[in-house]
Amino acid sequence: MSVQGLGMQFKDYDSLLNECVNQKSLIGGQRVQAHMIKTHYLPPVYLRTRLIVFYLKCEVLRDARMVFDEMPERNVVSWTAMISGYTKCGLYSDALTLFVQMLRSGTYPNEFTFATVLTSCVGASGFEHGRQIHSLIIKTPFEFHIFVGSSLLDLYAKAGKIHEAHTVFEALPERDVVSCTAIISGYAQLGLDKEALELFCALQKEGMPSNFVTYASVITALSGLAAFEYGRQVHAHVLRSELSSYIVLQNSLIDMYSKCGNLSYARKVFEIMPERTVISWNAMLSGYSKHGIGKTVVDLYNRMNTENKVKPDSTTLLTVLSGCSHGGMEDIGLKFFDEMKGRRNGVDLSIELYGCVVDLLGRAGQLERALQFVKEMPFEPNAAIWGSLMGACRVHKNVEIGKIAGRKILEIEPENAGNYVILCNLYACEGNWEEVRKLRELMKEKAVIKEPGKSWIEFDHTIHTFYASDRSHPRKEEVFLKVRELSDRIKTAGYCPDLSSVLYDVDEEQKERMLLGHSEKLALAFGMINVSETKPIRIMKNLRICVDCHNFAKFVSGVYGREVFVRDKSRFHHIVNGVCLCGDYW
DNA sequence: ATAGGGTTAG
């Protein structure tokens, strides 16, 4: 395009700038601006705002800000465009600062401003700021504006206030794809998977419009539920629709099949992708990692580096290392870590990565070295670090180091019940019942409430959920009898209930009864009754599986010749012929 | 002219 000759007028500049915005032509726009300066043309607010938008489009935030700062006067659009620029670059607190300046300058925000600035609040995890802005919005006509409302409900949902989010959603006079997706994904991101799925179904019946983001969100909920049959149906629907080529959607399918325990389906989706992002690789790697298949994790990671199309990020490193740990490949994992530390590779090593190393050393039984490693870390060790050291001490029955880790962790996280349980187990294996008793008292004192354990199993297109000592399932009698029967049978093969897993101060007989009531045993028994002998039994649990239930499942697998999968909070246990791929370390 | 929802890891 030509910017030669004088006599350029407003509409000429306007159309030139429009063209540069559309083509993202940085040089073109810069020439337009240079021409304005050369000819002493003083652009009005409108054109200066167009320049800001142009620079933002070309991702040159600094130059956009320069134009903004030099404006003799600004209107709501100039302010909003600049705030949105910061938001899109992830500079949320700068965006919020600018918003405050805007209010001070006496410019009234409009629906565009509010929608943007609420997004900044979400990005900055600034829920309180968001709430304050909500009270500003109440005084405007924008509270029920669909864009503003979507941001608002997202704000509440991401702060964990799903009820308030739902209220905002219900109050919207109209609904569209984005607002519907926002509320569904709000439930899914909080782990309220069943609610997310139900809402999706209900809204679909009402004719909700949906797109690939909607499906990505509902597939996330299905991953949490491990609803394999349902997931396949949704996948089939996606294939029939125009949505199947979205990478985000394929990524969520990889994760969904992995979390349903079906790695071969996940791999199939992964292999036929014409293009992959780092998330595709990470999702696939994580699938193998959680199943304890360390060798494939390493092979896949090597292939990723050989192909050299997608660069590993910090999540990749974490997944590979945790894959080595879950897969019982301590030496290779430690070698990886040294390599990473040597290279750095532009990716910062995170505290979580150091946590993986503690896991690796712990698994290898090198507890002294693990403790030393924790002491020398460039981070202040957190609860997760001490937790993995304590877990390692429980497995290797090292009470001495376990106590050190335990003391630290109770300082940092006195409210986490799981910590007390592991520490109690540790003291119990030493026969130190006095300490166990003290810990129980402490737990009562701090009023720690354990998240109720639940397990579920998909059978006959239904999800059957069991709670500890559950009396609610319609076939409870049958299930309880089956647990007894299994227990009696495997006892003859050497199963011995691990009474130290019970934290309550009751007699031994009752302890055993409580153990038999654990939700994963109920789900396993239900599976033994109903699932065809040729098929594996797949159980899901919301917490980590306890030592006794793990042992129970191994014996059932061995004695009855069944393949059992248990997906717990952190990984898969794949049990064949009485042996678990986790190597009894988790 | 300026605007809202999404996929992986722990």
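Note on naming: letters A, B, ... go to the chains in the order of the sequence lines (proteins, then strands), and numbering restarts at 1 for each one.
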May I ask you to check whether [Y] and [X] place their ring centres under 6.0 Å from each other?
| X | Y | value |
| --- | --- | --- |
| W281(A) | Y301(A) | no |
| Y215(A) | H237(A) | yes |
| F147(A) | F114(A) | no |

Just to be sure I understand the rule, does [X] reach a base, reach only the sugar-phosphate, or reach nothing, if contact means heavy atoms closer than 4.0 Å?
| X | result |
| --- | --- |
| N75(A) | base |
| N18(A) | nothing |
| I184(A) | nothing |
| V177(A) | base |
| T49(A) | base |
| T220(A) | sugar-phosphate |

Under 4.0 Å between a side-chain N/O of [X] and OP1 or OP2 of [N], yes or no?
| X | N | value |
| --- | --- | --- |
| S84(A) | dT2(B) | no |
| Q189(A) | dT7(B) | yes |
| S286(A) | dA9(B) | yes |
| K259(A) | dA9(B) | yes |

For this session: Choose from dA9(B), dT7(B), dG5(B) the nucleotide whose nearest atom is closest to any side-chain atom of K158(A).
Result: dG5(B)
Exercise. Which one, dG6(B), dG4(B), dA9(B), comes nearest to the side chain of S185(A)?
Worked result: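 Selected nucleotide: dG6(B).
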Problem set entry | Short side-chain donor-acceptor distance under 3.5 Å, Y156(A) and H163(A) |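 The criterion, which ignores hydrogens and geometry beyond distance, is not satisfied for Y156(A) and H163(A).
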Exercise. Where the side chain of W79(A) meets the backbone of L103(A), is there a donor-acceptor pair that is under 3.5 Å apart?
Worked result: no
Let me know the distance between [atom1] of [X] and [atom2] of [N], rounded to the nearest Å.
| X | N | atom1 | atom2 | result |
| --- | --- | --- | --- | --- |
| E275(A) | dT7(B) | CD | C1' | 15 Å |
| F68(A) | dT2(B) | CZ | P | 16 Å |
| N110(A) | dA1(B) | CG | P | 13 Å |
| E73(A) | dA1(B) | CD | P | 18 Å |

For this session: Return yes if the base of dG6(B) and the side-chain atoms of N211(A) contain a donor-acceptor N/O pair under 3.5 Å, otherwise no.
Result: no
Exercise. Does the dG4(B) base have a donor-acceptor partner in the side chain of S151(A) within less than 3.5 Å?
Worked result: no
